[in-house]
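To start, the structure itself, in structure tokens.
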Amino acid sequence: MSTSLNICGVLSLACFILTLGLLERVAAFDLTRKDNLAVYWGQDSSGDQQPLSFYCQDSTIDVFPLAFLYIFRGTGGEPVIDFANTCNQWDNGTFSGTDLAKCQNMAEDIKACQAAGKIVTLSLGGATGQVGFSSDSQAQSFADQVWNLFLGGDSDIRPFGDAVLDGVDLDIESGTPAHYAAFVNRIRSNANEAKLNATSFALNVTAHANATIHGHANATTSHASKQKNATALIDVTNKNKYYYITAAPQCPYPDAYIGAALNDAPFDAVYVQFYNNYCGLDQPSDYNFATWDNWAKTKSANPNVKVYIGAPGSSDSAGEGYVGVNTLASFVSDAQAKYSSFGGVMLWDASTAHKNGRFDRGIKTAMTTSALKLFPEEVPRDASTASSTKSSTHTGTTDAHRAASTAEVEVKPRVNSRFFRL
């Protein structure tokens, strides 16, 4: 065992980040797949939420929306973020004259997850969010603010330091529904994605996801297809990348708060909440994925948008709608076979799913197994990583993951979630 691996035994997280950085290539996120798993992190629903990087130590989860930015306009005109026991305005301090928490302690975790080929986005809203816009111009100004604070812009106050998030998620459950399309389109404009039309949108997503660190790929359909099986070097501080925009509507169609924007602006994916509603997974006669698939194909501003089945990670994660892994897997295989818009599963949330017998890993295994049977022409996830077990670097990474998974995590005082979805 090398000296660096001995150090890993003591500083598991640091070495985990280091060895990820030494990898020649890792599999980049691929929006076109039918077995992606998006899992919200940040609200400590289980009462013992671990740091973000804890949940990035294997290939189970592909997307982490950070929950939440829950106040659009707080003290000093800056937004307010809260990640429960990991970072909040009371325990971590704020930028002068604002209630915006200093969460630079999360930067290395964010970059570690990104280096592992996952995307990390910022979720706006939540069940108790203080959100909404009075005009398109206000929405555009807020988009500029979010861009500069968290995405590809610049600001003297960057809550996550030099970490650059991969996009935003709109979990809007209150306020007025107007003007969100203006917000989305402004983010696209800031990212130089405004010229993407609804039909070329998804192809560019794939091209960007598989591009090398040296810039964007202006891909044709043919080029995107050739790149689909490639893996990409990932520079986690690079701002010149594709920025994903998602939403988390309730399953009753159309959604009361974000429904209009879903028709008027291009979203990459929607994480439909099939729980806490009459059309939830526990009400199969009213379950309406077909309705959302039809929306994706006939109403969405992006006809290539992906629709995810949103589910609770445990019986404690929601008031109603929880189903076991086998039942959820049945919904998944049905959607994979019937609906071209299906993109994967969303879970609320990481802490409860992990505590619930690794519910996240259970459903990911079921998804990938089913997808491989239905679509054998697609590259299996295991084959999409350009790693070799004979490589000393990659062997070190495996040992680092093992060390990280067994290391004790510092226990911090818990800040109760103020945004639990009940």
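For clarity, every value in this text was computed on a predicted model and none was experimentally measured. Every heavy atom of this structure was used, including side-chain atoms; hydrogens, water molecules and symmetry mates were not.
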Which of these, T352, V39, V325, sits in a side-chain contact (heavy atoms from CB on, under 4.5 Å) with F359?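 The passing option is V325.
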Does a donor on one side chain and an acceptor on the other come within less than 3.5 Å for [X] and [Y]?
{"X": "D360", "Y": "Y55", "value": "no"}
{"X": "Y40", "Y": "D171", "value": "no"}
{"X": "Y287", "Y": "D334", "value": "no"}
{"X": "D162", "Y": "T237", "value": "no"}
{"X": "D30", "Y": "T32", "value": "yes"}

Assign the ring pair [X] / [Y] to parallel, tilted or perpendicular, where the plane angle (0 to 90°) is split at 30° and 60°.
{"X": "F150", "Y": "F160", "answer": "tilted"}
{"X": "Y180", "Y": "F72", "answer": "perpendicular"}
{"X": "Y244", "Y": "F29", "answer": "perpendicular"}
{"X": "F289", "Y": "Y339", "answer": "tilted"}

Donor-acceptor check, side chain of [X] to backbone of [Y], threshold 3.5 angstrom: yes or no?
{"X": "R73", "Y": "G132", "answer": "yes"}
{"X": "E193", "Y": "R188", "answer": "no"}
{"X": "D91", "Y": "N85", "answer": "no"}
{"X": "T86", "Y": "P51", "answer": "no"}
{"X": "N92", "Y": "N88", "answer": "yes"}
{"X": "D169", "Y": "L122", "answer": "no"}

Pair F274 and F331, ring centroids less than 6.0 Å apart: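 Ring centres of F331 and F274 not closer than 6.0 Å.
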Indicate, with yes or no, if the rings of Y275 and W348 have centres closer together than 6.0 Å.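 No - the distance between ring centres of Y275 and W348 does not fall below the 6.0 Å cut-off.
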Nearest heavy-atom pair of Q114 and L165: which atoms, and what distance?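 Distance-wise, the nearest heavy atoms are NE2-CA, 4.0 Å.
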Could you list the donor-acceptor pairs under 3.5 angstrom formed by side chains in residues 60-69, with sequence neighbours left out?
unit_1 : atom_1 : unit_2 : atom_2 : d
T60    : OG1    : D58    : OD1    : 2.9
T60    : OG1    : R358   : NH2    : 3.4
D62    : OD1    : R381   : NH1    : 3.2
D62    : OD2    : L37    : N      : 2.8
D62    : OD2    : K364   : NZ     : 2.9

Would you mind reporting whether [Y] and [X] have side-chain heavy atoms less than 4.5 Å apart?
{"X": "V80", "Y": "Y70", "answer": "yes"}
{"X": "Q50", "Y": "H354", "answer": "no"}
{"X": "N105", "Y": "C87", "answer": "yes"}
{"X": "Q273", "Y": "Y271", "answer": "no"}
{"X": "F267", "Y": "T246", "answer": "no"}
{"X": "F183", "Y": "L170", "answer": "yes"}
{"X": "Q336", "Y": "F375", "answer": "yes"}
{"X": "L52", "Y": "F83", "answer": "no"}

K297 atom NZ, over 12 foreign heavy atoms within 6.0 Å: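 Counting neighbours around NZ of K297, more than 12 heavy atoms of other residues, nucleotides or ligands fall under 6.0 Å, so yes.
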Salt-bridged, K118 to D109, with N to O below 4.0 Å?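 D109 and K118: not salt-bridged.
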Which residue is it: S314, S46, S45? I am looking for the one with a side chain to side chain donor-acceptor pair (under 3.5 Å) to D349.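 Answer after filtering S314, S46, S45: S45.
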